[in-house]
Participant: 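One structure is given below, represented as structure tokens, and several questions about it will come after.
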2 protein chains.
Amino acid sequence: MQAGSSGGGSRGPQALGSGDGGRVRDSKTKHRTYEPAYVHIVRIVSARIAAGEYRPGDQLPSESGFCAEFDVSPMTLRRAVNILVDRGLVTTAQGRGTFVRGLYLGEASFTLQQLTDRWRDASTEVRLLTASIVPAREDVAVMLGLGPGDSAVFLRRLFLNDGHPFMCHSEFVVYDPRRPLVESQLQITSLDGVLKSAGGEGFARARLSIRAVNLDDETAGYLERPAGTAVFCLEHTFEDFDGAPVSWGQFYFLSDEFQLVTTLGADWPE
Amino acid sequence: MQAGSSGGGSRGPQALGSGDGGRVRDSKTKHRTYEPAYVHIVRIVSARIAAGEYRPGDQLPSESGFCAEFDVSPMTLRRAVNILVDRGLVTTAQGRGTFVRGLYLGEASFTLQQLTDRWRDASTEVRLLTASIVPAREDVAVMLGLGPGDSAVFLRRLFLNDGHPFMCHSEFVVYDPRRPLVESQLQITSLDGVLKSAGGEGFARARLSIRAVNLDDETAGYLERPAGTAVFCLEHTFEDFDGAPVSWGQFYFLSDEFQLVTTLGADWPE
DNA sequence: TAGTGGTCTAGACCACTTA
DNA sequence: AAGTGGTCTAGACCACTAG
């Protein structure tokens, strides 16, 4: 069992420490595709957890034990363990050991990446519905830190796939004649462009929240759905490097075209 | 500037290599709260990015440069850089350098942790509305891999806070007389208990998805909202270590009580 | 070829837990 | 005291990129 699991010809590159002529190694084996040792270890241990060989609550072999089994140095082993830790598969307790964790729904993590993947293809059209300079409404002024009478740029975009709208974006941007924000915003014609900070660089931070809302009449019209339909509302606020808000808006997207999906546990493809 | 940035008395513990009597170090300083060097570096560099000192697209100092500035070994510096990389703040390109990344909405990551945090307090009540063994409907049979005529356990729970319902859970569990799944399920009386794999250990994987849906009449009644109200629907499928599904169900929770929230960029508290 | 990131070593010392 | 995880070193060698 010991070194057997590295029989696939794991390492490849190998550092020769100070004077270690006697180091026996099963390297020299061919290793196209070259997989780093720590990745290899992560895969092996993940597979054991996924297969139930190590069960939730079980204590894993100690670091020195794993070092012996995989024939790596402590640092390399720890790197692998750290990865397992922040994937949520195991926990470590100083002085006690490393233990397999059970699943916990609260740790599920959803990303918007899928939104991009879903519509990255060229058939996605971005249609600019509105672009105007407007006096900031009460709520807009609050969110953008404007005074009464200040102006903001209002943008509305519709995203279509094969002619069918699936997302609508409304945004208020601080109007600052010095910065060409507006102009650069108007150039955006791709979903990627919009998602890329809704307008290139210059933003330091974004605060995001997702709600489930009923479509209002106007947005429902744009999305060609009945008013009241449940959709996702992704609200965003962008700040510059001084912490001042420069943009506030919402994406509305249809839930039947896009869901947040994820997986929990030791299985996802390495 | 060189070692200045570690003037706060960063390190504390310090490894003495082979024979390095002459190593000068600003340690020995008091260091309660002890912050590891790599964490320290992550904080410093993050702060510089957040402040706009390093701008998106900029190339960071080389590793050897940083090693000199922070007076650490390459491994320690790399550990810090790796953390920055998987926080999405920088990218590394072998042979070219390390660069600051701009924000990208597609990378936003939302977790359900907030759901737990929000209602971890004791005032949350879990009310078991239904618990029965039922013949598997068509859709249930498909999701659980059952044949026609097989049975499933149906559970429905309502979660209340100060007497106000905010979440409803419906679940079908494979009925297996050998396993005490049902019994253990019935013991659960806390939100944490439900989220913890909806019933203790024994699950290897979970597949989750979130949709925005309109409340149906029945669920609307439980949640005391008008039918049609937009809510989140978190659907889950749990599998055992053989990959066989053992549980399928949905959480419905009110969006006005709970949103998915996150932040993008270099700012979140270390 | 020079410079960059990427991996790895063979230890060291520390802090913590358990007995 | 023995065993565990946690951090760190001072290099080494590799792979890649660019002038």
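In what follows, every chain begins at residue 1, and chains take the letters A, B, ... in the order their sequences are listed. What you are looking at is a predicted structure, and each value in this text was computed from that prediction instead of being measured.
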Participant: Between which residue ranges does DNA chain D form stems of three or more consecutive Watson-Crick or G-U wobble pairs, both distances under 3.5 Å?
Facilitator: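 Output for stems: C:1-18 with D:1-18.
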Participant: Between B:F258 and B:F253, does the ring centre distance come in under 6.0 Å?
Facilitator: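 B:F258 vs B:F253: aromatic centres under 6.0 Å.
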Participant: Under the side-chain hydrogen bond (donor to acceptor under 3.5 Å, both in side chains) rule, collect the residues that match up with A:S109, sequence neighbours excluded.
Facilitator: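 side-chain hydrogen bond (donor to acceptor under 3.5 Å, both in side chains) list for A:S109, sorted by chain: B:S109.
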Participant: Nearest whole angstrom, please: distance from the C1' of C:dA10 to the CE of A:M75.
Facilitator: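 It is 12 Å, rounded to the nearest whole Å.
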Participant: The side chain of A:V72 is closest to which nucleotide in this list: C:dA10, D:dA10, C:dT9?
Facilitator: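 Out of C:dA10, D:dA10, C:dT9, the nucleotide with an atom closest to A:V72's side chain is C:dT9.
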Participant: May I ask you to verify if any side-chain N or O of B:R79 is less than 4.0 angstrom from the OP1 or OP2 atom of D:dC8?
Facilitator: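 No, outside the criterion.
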Participant: Dump the pairs, protein N or O against N or O of nucleotides 3-5 of chain C, anything under 3.5 Å, distances to one decimal.
Facilitator:
from  : atom 1 : to    : atom 2 : distance (Å)
C:dG3 : N2     : B:G95 : O      : 3.0
C:dT4 : O2     : B:G95 : N      : 3.1
C:dG5 : OP1    : B:T98 : OG1    : 3.1
C:dG5 : OP2    : B:E63 : N      : 2.7
C:dG5 : N2     : B:Q94 : NE2    : 3.2

Participant: What residues, two or more places apart in sequence or in another chain, satisfy side-chain hydrogen bond (donor to acceptor under 3.5 Å, both in side chains) together with A:T91?
Facilitator: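 None.
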Participant: For A:H40 and C:dT7, give me the distance from atom NE2 to atom C1', rounded to whole Å.
Facilitator: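 Rounded to the whole Å, the gap is 15 Å.
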Participant: Does B:Q94 have any side-chain hydrogen bond (donor to acceptor under 3.5 Å, both in side chains) partners at least two apart in sequence or in another chain, and if so, which?
Facilitator: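 Partners of B:Q94 by the side-chain hydrogen bond (donor to acceptor under 3.5 Å, both in side chains) criterion come out as none, since no residue qualifies.
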Participant: Looking at B:T76, does any N or O in its side chain come under 4.0 Å of the phosphate oxygens OP1/OP2 on D:dT9?
Facilitator: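 The answer is yes; a side-chain N or O of B:T76 sits under 4.0 Å from OP1 or OP2.
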Participant: Tell me, please, which residues at least two apart from B:E235 pass side-chain contact (heavy atoms from CB on, under 4.5 Å).
Facilitator: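 Counting only residues at least two positions away or on another chain, B:E235 forms a side-chain contact (heavy atoms from CB on, under 4.5 Å) with B:M143, B:S209, B:R211, B:W248, B:Q250.
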Participant: Please report, rounded to the nearest Å, how far the P atom of D:dA15 is from the OH atom of A:Y34.
Facilitator: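 It works out to 8 Å between those atoms.
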Participant: Taking CG from A:L77 and P from C:dG11, how many angstroms apart are they, rounded to a whole number?
Facilitator: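 Checked: the CG to P distance equals 16 Å.
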Participant: Between C:dC8 and A:Y38, is there an OP1 or OP2 to side-chain N/O distance shorter than 4.0 Å?
Facilitator: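 Result: no.
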Participant: Any pair with a residue in residues 91-100 of chain B that passes salt bridge (Lys or Arg N to Asp or Glu O under 4.0 Å), sequence neighbours left out, goes on the list, sorted by first then second residue, please.
Facilitator: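 Listed once each, the pairs would be none.
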Participant: Apply side-chain contact (heavy atoms from CB on, under 4.5 Å) to A:A80 and list each qualifying residue two or more places apart in sequence or on a separate chain.
Facilitator: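 Per chain and number, A:A80 pairs via side-chain contact (heavy atoms from CB on, under 4.5 Å) with A:Y38, A:I41, A:V42.
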Participant: Under the side-chain hydrogen bond (donor to acceptor under 3.5 Å, both in side chains) definition, can you give me all pairs with a residue in residues 49-66 of chain A, not counting sequence neighbours?
Facilitator: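 Output for this query lists A:R48-A:Y54, A:S62-A:S64, A:E63-A:R78.
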Participant: Under 30°, 30 to 60°, or over 60°: which ring-plane class applies to B:H236 and B:H169, parallel, tilted or perpendicular?
Facilitator: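 It falls in the tilted class, 30° to 60°.
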Participant: Can you tell me how far C1' of D:dT9 sits from CZ of B:F70, to the nearest Å?
Facilitator: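 That distance rounds to 18 Å.
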Participant: Just how far, in rounded Å, is C1' of D:dG3 from CZ of A:F66?
Facilitator: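 Going from CZ in A:F66 over to C1' in D:dG3 covers 16 Å.
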